[in-house]
Visitor: 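Just dropping this structure here.
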Amino acid sequence: MSYDYTRFDGVFSGALNDEWFYTVGGFYRTSDGIREPGYQSDLGGQVSARVSWLTDAFELDFSYKHLNDKTSFYAPLVMQNSGEIRELASLPYDDGTLLSDDLRSLSFFTPEGRVQRDLEDAQQTRLNSYTLLFNTALFEHVNLSNRTRFSSLNNDLYTLMNLGNQTIVDATSRLQHADITEFKRHFANSALRPRYLRYSDNTLVANPATLNGNGLVTASYPLYSRYKQQQLVNHFSVDYLDAQWSLTLGHIYARSDFDELPLDKWLGALLTDVKHQPERLDIVLVDGQENVIANFTEQGFLSYAGPVYLSGSGLSQSHSLYANIDWQLTENLRVDLALRNEHLNLTSTLLEGVKSYTDSSKATYSHYLPATTLRDSFTQNALSIGANYQIGDAMAIFARYSDAFEMPRLINYGNGRGWAKSEEERVQQDFGQPIRLALGEVGLRYQTADWQFSGALFETKFDPLPLTVYRGAATTQQAVSINTQTRGLEFEFDYQYSLALQFRAIGVWQDAGFYGIPKQLPQSEFNGNQITRTPELQLRLTPEYKAGPITAAITWSYVGKRYSDIANRFALPAYQTWDLFTELAVNEQLSAQLEVKNLTNAMGLTEGNPRDDLSHQEAIFYARPIFGRTIKLSLSYQF
């Protein structure tokens with residue numbers, strides 16, 4: 001398919017003199033988007049520069065990076081499951097989207113006042129980053145290094161999302177829902193009938209049952225999220241290098257000031273039809289002559305308030321001390337040990353939007369509750385130990401065990417308090433506790449003149465892994481902590497059949513399961529089920545041919561069956577894709593590349609609806625398909 005993708009990349013580097021060197025590079029691109037919404041939201045670029053001073057005594061580098069880039073955010077599509085998962089005729093799986101020009105520019109009521117949002121803004125990232133690196137040899141075996149980076153980052157995301165699958169409804173029956181019936185009671189004329197009115201051209205929908213060939217309507221939820229961050233990271237280390245062993249001692253300081261945390265700002269609910277580039281629909285009451293008497297919705301808005309509207313700021317500061325030792329114990333045995341201690345301080349301030357109602361009884365967020373602030377600190381230790389034993393010239397075995405952690409995040413407090421189901425739950429919210437994770441693996445490497453193989457048996461445990469469970473648009477989400485355990489086998493294989501032909505294979509098989517769902521929850525019966533969106537088997541096979549100026553490769557990828565829900569009732573089918581790559585070197589400077597992704601235009605689902613309940617099995621549902629076939633031609637010139 002064509003989506004008007006254009007990209008320019010350039011890099012210039014060289015020496016200013018014997019000690020000073022420079023590199024300048026960047027890219028700029030534009031695109032209509034693979035799932036073209038009717039406007040352009042993929043464009044932007046990056047420029048970076050680096051100056052290096054290299055002497056016999058030290059190295060000093062200064063680099064600067066500027067990024068201003070917009071990328072589309074594609075929400076899941078409506079799919080159907082009647083024994084076999086298929087697309088809707090009105091909404092192609094390969095290039096369809098539920099974004100459109102009709103939904104593009106909207107006005108919202110917020111605690112900050114009336115604001116305008118444009119879907120063309122999509123997800124925009126603006127970054128300025130400055131890095132200073134210093135390396136020097138203090139003594140014969142001792143090296144000192146220090147890297148300091150300061151970054152100023154702004155990220156704005158505005159898109160339309162889906163919530164529970166129950167928001168996809170039959171268009172005819174939607175007109176009979178209780179909210180419409182209640183609305184009719186306000187009018188003395190009992191003969192008034194509810195109808196759909198297209199907002200774009202102010203025409204009535206003749207027959208809702210045949211709307212777009214599927215007779216469906218859905219609710220889309222505008223979501224805005226922003227974070228504005230200044231970050232300082234300093235990494236200092238000292239290395240001692242000997243013939244048989246090395247030791248590294250280091251300290252990392254990280255400080256992040258968030259003027260705005262990326263918390264959810266749900267801006268309302270819009271009623272649309274279900275098709276590629278959908279349109280807003282109004283539900284209106286008409287008389288016998290089909291004159292519009294009253295509007296139930298306004299410009300497609302069912303509500304001006306989504307599930308939550310949260311705003312916040314915060315400060316994160318951490319100090320990490322670590323030590324790594326690498327020791328060649330014998331000619332064949334090498335071991336390494338790493339220790340790390342991290343102390344983290346978090347401060348988060350939260351503002352929660354309060355719902356009010358407009359003159360037309362539409363919910364809106366009019367103001368904030370008084371700000372609340374939480375401060376807490378955490379200290380954790382991590383350990384990693386590994387060994388490699390060389391059995392002979394061609395074979396080695398290795399093993400590793402890691403006991404690590406994931407620290408709480410600043411947004412945990414805001415999201416937890418904002419989505420709490422009761423006042424009692426709200427006051428109990430905090431940052432949560434660090435997540436402990438353990439990784440163990442044992443493997444084999446074998447290499448000959450023609451082929452090499454690396455494989456490992458592994459086990460990974462999260463204790464616990466917090467999951468966010470959405471229960472649709474009308475009710476709150478729930479945080480559930482679930483232990484997980486994954487055991488499996490991963491491998492890489494390379495075979496050089498001849499100078500021109502080689503073959504590569506990568507794969508992983510894993511048994512990934514949930515454990516420890518609290519017994520008080522009815523979903524505890526799902527303990528032992530397969531982790532959602534995690535296939536048991538993934539394979540990637542690539543034969544490559546290279547002779548003279550021509551390189552050609554084709555890659556076959558297989559992704560096994562996944563489950564969209566913890567109950568493992570809603571299976572996402574296994575799928576396979578083919579990708580093609582060819583390159584022609586015209587001369588030493590000029591080359592041309594042709595790349596085809598998803599050559600057969602296969603349909604593969606990466607996830608079902610992540611914003612639905614712990615278990616679901618609907619005939620009509622939201623899912624996120626992979627992109628359809630795309631073809632890209634590029635030229636490269638080196639000088």
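Worth knowing before you read on, the calculation uses all heavy atoms, side chains too, and leaves out hydrogens, waters and symmetry mates.
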Visitor: Tell me if the aromatic rings of Trp245 and Tyr240 count as close, with their centers under 6.0 Å from one another.
Guide: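 Judged by ring-centre distance (under 6.0 Å), Trp245 and Tyr240 do meet the cut-off.
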
Visitor: Are Asp69 and Arg29 within salt-bridge range, i.e. N to O under 4.0 Å?
Guide: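 Looking at Asp69 and Arg29, the cut-off is met.
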
Visitor: Look at atom CZ of Arg436 and say whether more than 12 heavy atoms of other residues, nucleotides or ligands are closer to it than 6.0 Å.
Guide: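 Yes, because the 6.0 Å sphere around CZ of Arg436 holds more than 12 heavy atoms from other groups.
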
Visitor: Going through the checks in order, is the salt bridge (charged side-chain N to carboxylate O under 4.0 Å, His left out) test met by Lys70 and Asp42?
Guide: CA-CA 5 Å; Lys70 292 199 304 182; Asp42 284 271; over 6 Å; no

Visitor: Are the side chain of Asn388 and the backbone N or O of Arg334 linked by a donor-acceptor pair below 3.5 Å?
Guide: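 No, because the side chain of Asn388 does not come within donor-acceptor range (under 3.5 Å) of the backbone of Arg334.
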
Visitor: Would you say CD of Glu424 has more than 12 non-hydrogen atoms from neighbouring residues, nucleotides or ligands within 6.0 angstrom?
Guide: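 No - once you tally the heavy atoms of other residues, nucleotides and ligands closer than 6.0 Å, there are 12 at most.
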
Visitor: I want to check something: taking the side chain as every heavy atom from C-beta on, are Leu77 and Arg35 in contact at a cut-off of under 4.5 Å?
Guide: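 SC-SC contact between Leu77 and Arg35 confirmed.
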
Visitor: Keeping Ser151 on the side-chain end and Leu153 on the backbone end, is there a donor-acceptor pair under 3.5 Å?
Guide: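 Not at all, since once roles are kept as given, no pair shorter than 3.5 Å links the two residues.
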
Visitor: Under 4.0 Å between a Lys/Arg side-chain N and an Asp/Glu carboxylate O for Asp336 and Arg400?
Guide: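 Judged by the 4.0 Å cut-off on N to carboxylate O distance, Asp336 and Arg400 do form a salt bridge.
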
Visitor: For the pair Thr364 (side chain) and Ser366 (backbone), establish whether a donor and an acceptor sit closer than 3.5 Å, ignoring hydrogens and angles.
Guide: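 No.
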
Visitor: How about Pro307 and Trp419: do any of their side-chain heavy atoms sit closer than 4.5 Å?
Guide: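 Counting from C-beta outward, Pro307 and Trp419 do come under 4.5 Å.
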
Visitor: Step through it carefully: locate the ring centre of His251, locate the ring centre of Phe236, and say whether they are under 6.0 Å apart.
Guide: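 Between His251 and Phe236, the centre distance exceeds or equals 6.0 Å.
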
Visitor: Are Phe258 and Lys228 side-chain neighbours, meaning at least one heavy-atom pair lies under 4.5 Å?
Guide: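 They are not in side-chain contact.
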
Visitor: Tell me whether Arg126 at atom CZ has more than 12 heavy atoms from other residues, nucleotides or ligands lying less than 6.0 Å away.
Guide: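 Buried by this count: over 12 neighbours within 6.0 Å.
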
Visitor: Would you check if the side chain of Thr606 reaches a backbone N or O of Arg624 as a donor-acceptor pair within less than 3.5 Å?
Guide: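 Indeed, once roles are kept as given, a pair shorter than 3.5 Å links the two residues.
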
Visitor: Is there side-chain contact between Gln46 and Lys65, with at least one heavy-atom pair below 4.5 Å?
Guide: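 A side-chain contact under 4.5 Å exists here.
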
Visitor: Do Phe405 and Phe378 have ring centres separated by under 6.0 Å?
Guide: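 When the ring centroids of Phe405 and Phe378 are compared, they turn out to be at least 6.0 Å apart.
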
Visitor: Looking at Phe398, does the NZ or CZ of Arg445 lie under 6.0 angstrom from its six-membered ring centre and within 45 degrees of the ring axis?
Guide: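 So Arg445 does make the cation-pi contact.
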
Visitor: Quick one: does NZ or CZ of Arg569 land under 6.0 Å from the six-membered ring centre of Tyr563, within 45 degrees of the ring axis?
Guide: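 Ring-cation test returns no.
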
Visitor: Go through the side-chain N and O atoms of Asn155 and Thr125 and say whether any donor and acceptor fall under 3.5 Å apart.
Guide: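 The criterion, which ignores hydrogens and geometry beyond distance, is satisfied for Thr125 and Asn155.
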
Visitor: Judged by atom type as modelled, is there a donor-acceptor pair below 3.5 Å linking the side chain of Thr218 to the main-chain atoms of Thr167?
Guide: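 Yes: the side chain of Thr218 pairs with the backbone of Thr167.
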
Visitor: Less than 6.0 angstrom separating the ring centers of His235 and Tyr322, yes or no?
Guide: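 Yes, the ring centres sit under 6.0 Å apart.
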
Visitor: Applying salt bridge (charged side-chain N to carboxylate O under 4.0 Å, His left out) to Lys265 and Glu112, what does each step give before you reach the verdict?
Guide: CA-CA 12 Å; Lys265 293 177 171 63; Glu112 291 86 10; 5.7 Å; no

Visitor: Under 4.5 Å between any side-chain heavy atoms of Gln317 and Ser377, yes or no?
Guide: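 Sidechains of Ser377 and Gln317: no contact.
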
Visitor: Could you give me the CA-CA distance, side-chain angles and deciding distance for Thr379 and Asn341, then say whether side chain to side chain contact (heavy atoms under 4.5 Å, CB included) is met?
Guide: CA-CA 7 Å; Thr379 301; Asn341 171 271; 3.6 Å; yes

Visitor: In the structure I gave you, are the side-chain heavy atoms of Thr486 and Phe462 within less than 4.5 Å of one another anywhere?
Guide: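 In short, these two side chains do not touch, never coming nearer than 4.5 Å.
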
Visitor: Taking the six-membered ring for Trp, are Tyr365 and Tyr304 ring centroids under 6.0 Å apart?
Guide: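 So the answer is no for these two rings.
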
Visitor: Answer yes when Asp511 and Arg487 have at least one side-chain N-carboxylate O distance shorter than 4.0 Å, and no when they do not.
Guide: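 No salt bridge links Asp511 with Arg487.
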
Visitor: Using modelled atom types and a 3.5 Å cut-off, is there a donor and acceptor pairing between side-chain atoms of Asn165 and backbone atoms of Phe621?
Guide: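 No: the side chain of Asn165 does not pair with the backbone of Phe621.
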
Visitor: Strictly below 4.0 Å, N to O, side chains only: are Asp118 and Arg104 in salt-bridge contact?
Guide: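 Arg104 and Asp118: salt-bridged.
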
Visitor: Is it true that, when you exclude Lys561 itself, more than 12 heavy atoms of the residues, nucleotides or ligands shown sit nearer than 6.0 Å to its NZ?
Guide: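 At most 12 heavy atoms, drawn from other residues, nucleotides or ligands, come within 6.0 Å of this atom.
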
Visitor: Under the side chain to side chain contact (heavy atoms under 4.5 Å, CB included) test, which residues partner Pro222, sequence neighbours left out?
Guide: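 Pro222 satisfies side chain to side chain contact (heavy atoms under 4.5 Å, CB included) with Phe108, Tyr158, Leu160, Leu267, Leu270 once adjacent residues are dropped.
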
Visitor: Looking only at atom types and distance, does a side-chain atom of Thr534 sit under 3.5 Å from a main-chain N or O of Thr532, one as donor and one as acceptor?
Guide: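 Yes, because the side chain of Thr534 sits within donor-acceptor range (under 3.5 Å) of the backbone of Thr532.
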
Visitor: Please give me the minimum heavy-atom distance between Asn529 and Ala567, naming the atom from each residue.
Guide: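 Shortest heavy-atom contact: ND2-O, 3.3 Å.
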
Visitor: For the backbone of Ser225 and the side chain of Asp264, can you confirm whether one donor and one acceptor N or O come within less than 3.5 Å of each other?
Guide: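 A pair under 3.5 Å: no.
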
Visitor: Could you check whether Asn135 and Ser145, counting side-chain N and O atoms only, form a donor-acceptor pair closer than 3.5 Å?
Guide: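 Note: Ser145 and Asn135 side chains meet the donor-acceptor criterion.
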
Visitor: Check Leu310 against Gly418 and note the closest heavy-atom contact, atom names and distance.
Guide: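 The pair with the smallest heavy-atom distance is CD2-CA, 3.7 Å.
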
Visitor: Using the ring of Phe109 (Phe, Tyr or Trp, six-membered ring only), decide whether Arg114 places NZ or CZ under 6.0 Å from its centre and within 45 degrees of its axis.
Guide: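 Yes.
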
Visitor: Classify the side-chain pair Thr248/Ser237 by whether it contains a donor and acceptor separated by less than 3.5 Å.
Guide: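 Ser237 and Thr248 do not have a side-chain donor-acceptor pair below 3.5 Å.
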
Visitor: Taking atom CZ of Arg409 as the centre, does the number of heavy atoms from other residues, nucleotides or ligands within less than 6.0 Å exceed 12?
Guide: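 Atom CZ in Arg409 is not packed in, count stays at 12 or less.
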
Visitor: Are the side chain of Thr136 and the backbone of Leu138 linked by a donor-acceptor contact shorter than 3.5 Å?
Guide: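 No, the answer is negative, given that no donor and acceptor are paired below the 3.5 Å cut-off.
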
Visitor: Okay, side chain of Asn568, backbone of Gln530: is any donor-acceptor separation there less than 3.5 Å?
Guide: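 Confirmed, Asn568 side chain pairs with Gln530 backbone.
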
Visitor: Taking only Lys NZ, Arg NE, NH1 and NH2, and the carboxylate oxygens of Asp or Glu, determine whether Arg533 and Glu607 approach each other closer than 4.0 Å.
Guide: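 Looking at Arg533 and Glu607, the cut-off is met.
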
Visitor: Given side chains that start at C-beta, do those of Phe491 and Ser454 come closer than 4.5 Å, heavy atoms only?
Guide: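 Phe491 does not reach Ser454 side chain to side chain.
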
Visitor: Can we say Arg426 and Glu352 salt-bridge, meaning some charged N sits less than 4.0 Å from an Asp/Glu carboxylate O?
Guide: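 Yes, this pair counts.
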
Visitor: Might you confirm whether atom OH of Tyr357 has over 12 heavy atoms from other residues, nucleotides or ligands at distances under 6.0 Å?
Guide: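 Counting neighbours around OH of Tyr357, 12 or fewer heavy atoms of other residues, nucleotides or ligands fall under 6.0 Å, so no.
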
Visitor: Any carboxylate oxygen within less than 4.0 angstrom of a Lys/Arg side-chain nitrogen, looking at Asp430 and Arg417?
Guide: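 No, Asp430 and Arg417 are not salt-bridged.
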
